[in-house]
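Below is one structure, written out as structure tokens; comments come after it.
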Amino acid sequence: MKAFLKALVLIPIALVIVLFAVANRAPVRVSLDPFSRDLPMLSYELPLFLVVLAAIFVGVLIGGLASWIAQGKHRKAARRGRREVEALRSETQALRSAVPDSALPALTSGRN
């Protein structure tokens with residue numbers, strides 16, 4: 001069912017991207033020189049769809065990196081919690097092995 005829903009979303013998106021790429025094949029000049037408009041030192045002729053898709057890709061990368069950096073404190077807290085849980089588990093195991101079973105009170109399932 002998950003694969004069907006994934007395909008239901010991704011196939012139309014892929015179709016739109018392909019149609020966009022086919023419809024926007026004309027070359028455009030991408031200039032990296034902000035001072036010279038007529039004779040830029042750094043300029044490239046690229047298809048429009050490539051410029052747009054590259055801009056989207058770079059935006060997704062920058063957004064993902066910013067999100068990953070912002071969530072660093074949560075990952076750090078989770079690591080600290082996992083270490084604490086492991087320390088408590090090992091301490092509990094050490095205490096259980098140190099005390100014989102006969103010294104422990106019996107657990108009852110009913111109310112007193």
Side-chain angles (χ1 to χ4, degrees):
M1 185 65 162
K2 260 183 161 179
F4 175 73
L5 291 176
K6 184 189 279 188
L8 190 65
V9 172
L10 292 180
I11 289 175
I13 291 173
L15 185 63
V16 168
I17 290 171
V18 168
L19 290 174
F20 175 78
V22 169
N24 294 287
R25 293 176 295 190
V28 294
R29 179 181 295 200
V30 178
S31 174
L32 300 174
D33 185 4
F35 302 112
S36 176
R37 186 173 184 196
D38 297 327
L39 296 171
M41 291 186 65
L42 292 170
S43 69
Y44 303 98
E45 293 280 330
L46 299 170
L48 178 61
F49 77 90
L50 192 62
V51 174
V52 172
L53 293 179
I56 291 171
F57 180 73
V58 168
V60 167
L61 284 179
I62 291 172
L65 181 64
S67 177
W68 182 76
I69 289 171
Q71 294 172 357
K73 59 185 173 185
H74 301 293
R75 287 191 308 275
K76 184 177 181 180
R79 281 192 304 270
R80 188 172 45 244
R82 281 193 298 269
R83 282 193 300 266
E84 185 177 346
V85 166
E86 283 302 316
L88 291 172
R89 280 186 183 153
S90 63
E91 182 180 346
T92 302
Q93 189 64 32
L95 290 172
R96 283 185 180 164
S97 64
V99 177
D101 287 339
S102 61
L104 295 175
L107 297 175
T108 58
S109 60
R111 289 186 179 167
N112 290 334

[atom1]/[X] to [atom2]/[Y] distance, rounded to the nearest 0.5 angstrom?
X: Ile13; Y: Ile17; atom1: CD1; atom2: CD1; value: 7.0 Å
X: Arg80; Y: Lys73; atom1: CZ; atom2: NZ; value: 12.0 Å
X: Tyr44; Y: Arg29; atom1: OH; atom2: CZ; value: 12.5 Å
X: Leu61; Y: Ile56; atom1: CG; atom2: CD1; value: 12.5 Å
X: Asn24; Y: Leu48; atom1: CG; atom2: CG; value: 4.5 Å
X: Met1; Y: Leu8; atom1: CE; atom2: CG; value: 9.5 Å

With side chains defined as the heavy atoms from C-beta onward, is the minimum distance between Val9 and Leu5 less than 4.5 Å? no

Can you confirm whether Phe49 sits close enough to Val22 that some side-chain heavy atom of one is under 4.5 Å from a side-chain heavy atom of the other? no

Would you say Leu50 and Leu42 are hydrophobically clustered, going by side-chain heavy atoms of ILVMFWY under 4.5 Å? yes

Would a single hydrophobic cluster contain both Val30 and Phe20, if residues Ile, Leu, Val, Met, Phe, Trp and Tyr are joined by side-chain heavy-atom contacts under 4.5 Å? yes

Closest heavy-atom pair and its distance - Ser43, Pro40: CB-CG, 3.7 Å

Decide, yes or no, whether a salt bridge links Arg83 with Glu86 under the criterion of side-chain N to carboxylate O below 4.0 Å. no

Can you tell me if CZ on Arg75 sees more than 12 non-hydrogen neighbours from other groups inside 6.0 Å? yes

Got a sec: does the CD of Glu84 have more than 12 other heavy atoms crowding it under 6.0 Å? no

Under 3.5 Å, side chain of Asp33 to main-chain N/O of Met41, donor-acceptor pair present? yes

Can you check whether Gly63's main-chain N or O pairs, donor with acceptor, with Ser67's side chain at less than 3.5 Å? no

Other members of the hydrophobic cluster containing Trp68, with the 4.5 Å side-chain heavy-atom rule, please. Leu65, Ile69

Qualifying residues under salt bridge (Lys or Arg N to Asp or Glu O under 4.0 Å), relative to Arg79, sequence neighbours excluded: none

